Number of protein chains: 2
Amino acid sequence: MQSYTEENYLKVIYHLSEISHPVQTNAIADRIQTKAASVTDMIKKLSEKELVHYVKYQGVTLTEKGKLTAINIVRKHRLWEVFLVDKLNFKWDEVHEVAEELEHIQSNLLIERLDEFLDYPKVDPHGDPIPDKNGNFAEMTFVKLSKLKNGDKGNITGVSEHSSPFLKHLEKLGLTLGKRVEVIDVVEFDGSVELLLEQEKLNISREVAKHILITKN
Amino acid sequence: MQSYTEENYLKVIYHLSEISHPVQTNAIADRIQTKAASVTDMIKKLSEKELVHYVKYQGVTLTEKGKLTAINIVRKHRLWEVFLVDKLNFKWDEVHEVAEELEHIQSNLLIERLDEFLDYPKVDPHGDPIPDKNGNFAEMTFVKLSKLKNGDKGNITGVSEHSSPFLKHLEKLGLTLGKRVEVIDVVEFDGSVELLLEQEKLNISREVAKHILITKN
DNA sequence: TTCTTAATTTAGACAAATCTAAAAATAATT
DNA sequence: AATTATTTTTAGATTTGTCTAAATTAAGAA
Ligand SMILES: [Mn+2]
Ligand SMILES: [Mn+2]
Ligand SMILES: [Mn+2]
Ligand SMILES: [Mn+2]
């Protein structure tokens, strides 16, 4: 059994592992809003417990045990987010903070029943895949909207930025999960994207386009 | 904002206040599974924050602020218990431990939405009243089954013991919330109670009868 | 390769919550 | 009222997670 804090470290290391191997001390410190010295202390503790593999001055990688623990926290986080949106009518920009707390509730029965109650959802409100109880993900294949060419079509199936301002912005533009879009033009000058959304023309900045994930078809 | 631990102390002091005024150090220590010395330390801290009124060697009472905080935790605890039973099919003896964790989740929006989702329940799975968001309880008027006389009739509307073995025992006997019972005889020898439950005769020990709460009618 | 900068770790301290053992205050008995 | 027993508080230590400041290592530039 891990503490609330240890769980947060494992989850952050898990997410950062998708970007760099091994995960560096400062990267963790930034994410967790703490100082590098604190991270080093915690890393040593996680290493003692064989949840991470640690090489001094190099960084950490999750052990199999650590990875499974982290994935389970991600599973809980995402299931709770689905619950908040589907059952309690939260907006997709309101769920993350609460899920950060709920993900630490310790009860396997609770999470299995919640999964069942939600009818075994495969993705969370931001399009992120929900691992099953064994830690297996359904493979997702999306591409950044900013990578699409003129004439490319597809559906919005995810976002790579979860901040409330960004999500609210998308909501206002009507760019929500499941919506079908077609790229009309990529403006050469600033990289902004002209697109067609339900018969309406729309222009979004390159910065926004980068964080919208599309499944082409 | 109070810590997880402070919240637990406030809740325990609140419950113990129904028994004794002021609440003594050892009573708290017993409930919270800690030592008297630790309780004294925490009491001082809560006193600093003006959540309790503390007189050395006498004990503590909740201030208005402390009482409201405690009631809010009780509200959350009981709403979560309703959720677990009504929506996730937990048994009434399985909810308490999980609710002990869920009650500390910090989000007013969450708890108001949960209340709405559950259709504003007035009592929890053990018959305990759920305070509204202002801390007001619906007045409950029940009497211990052990206090009933021959011929008295009423409905089971609560239990004063929440342990899993006790609740499972009641479940097995069919003595669940809402059931109508009639006292046929109170056995003089051991105080056990003969009662009628759905045309069936049933004998329960005095110890069990003490913890079943009845609304007479 | 040597110097400089950046990243990381160590050393020592601190706040929160707990504990044990000892001291002090209150309550109960003789 | 004096003695004994119980309850409560203090003193000092411990664990977890954090911090600042200083020392160390690694990486980058000249
Ligand atoms: Mn999230
Ligand atoms: Mn999400
Ligand atoms: Mn309970
Ligand atoms: Mn209850």
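Just so it is clear: chains get the letters A, B, ... in the order the sequence lines come, proteins before strands, and each one is counted from 1. Computed from a predicted structure; not experimentally measured.
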All ring-ring contact (aromatic ring centres under 6.0 Å, His included) counterparts of B:Phe166, not counting sequence neighbours: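 ring-ring contact (aromatic ring centres under 6.0 Å, His included) list for B:Phe166, sorted by chain: B:His211.
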
Partner residues of B:Phe83 under the ring-ring contact (aromatic ring centres under 6.0 Å, His included) criterion, sequence neighbours left out: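 In terms of ring-ring contact (aromatic ring centres under 6.0 Å, His included), with neighbours along the sequence ignored, B:Phe83 is linked to A:Phe83, B:Trp80.
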
Roughly, in whole Å, what's the span from [atom1] in [X] to [atom2] in [N]?
X: A:Asp41; N: C:dG12; atom1: CG; atom2: P; answer: 14 Å
X: A:Leu46; N: D:dT16; atom1: CG; atom2: P; answer: 13 Å
X: A:Gln2; N: D:dT16; atom1: CD; atom2: P; answer: 14 Å
X: A:Met42; N: C:dT9; atom1: CE; atom2: P; answer: 14 Å

When you measure from the side-chain N and O atoms of [X] to the phosphate of [N], is any distance below 4.0 Å, counting only OP1 and OP2?
X: A:Asn26; N: C:dA6; answer: no
X: A:Thr40; N: C:dT9; answer: yes
X: A:Lys35; N: D:dT18; answer: no
X: A:Ser3; N: D:dT16; answer: no

Between A:Glu207 and A:Ser205: side-chain donor-acceptor atoms closer than 3.5 Å: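 No, no side-chain donor-acceptor pair sits under 3.5 Å.
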
Near-strand residues of residues 5-25 of chain A, defined as heavy-atom separation under 4.0 angstrom from DNA chain C: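 Going residue by residue through residues 5-25 of chain A, the ones with a heavy atom under 4.0 Å of DNA chain C turn out to be A:Gln24, A:Thr25.
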
Nucleic acid contacts of residues 53-60 of chain A, taken as heavy-atom distances under 4.0 Å to DNA chain C: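 Close to the strand are A:Tyr54, A:Lys56, A:Tyr57.
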
Qualifying salt bridge (charged side-chain N to carboxylate O under 4.0 Å, His left out) pairs with a residue from residues 50-71 of chain B, counting only residues at least two apart or across chains: none

Could you list the donor-acceptor pairs under 3.5 angstrom formed by side chains in residues 13-29 of chain B, with sequence neighbours left out?
{"from": "B:Ser17", "atom 1": "OG", "to": "B:Ile13", "atom 2": "O", "distance (Å)": "2.7"}
{"from": "B:Ser20", "atom 1": "OG", "to": "B:Pro22", "atom 2": "O", "distance (Å)": "3.2"}
{"from": "B:His21", "atom 1": "NE2", "to": "B:Ser17", "atom 2": "O", "distance (Å)": "3.1"}

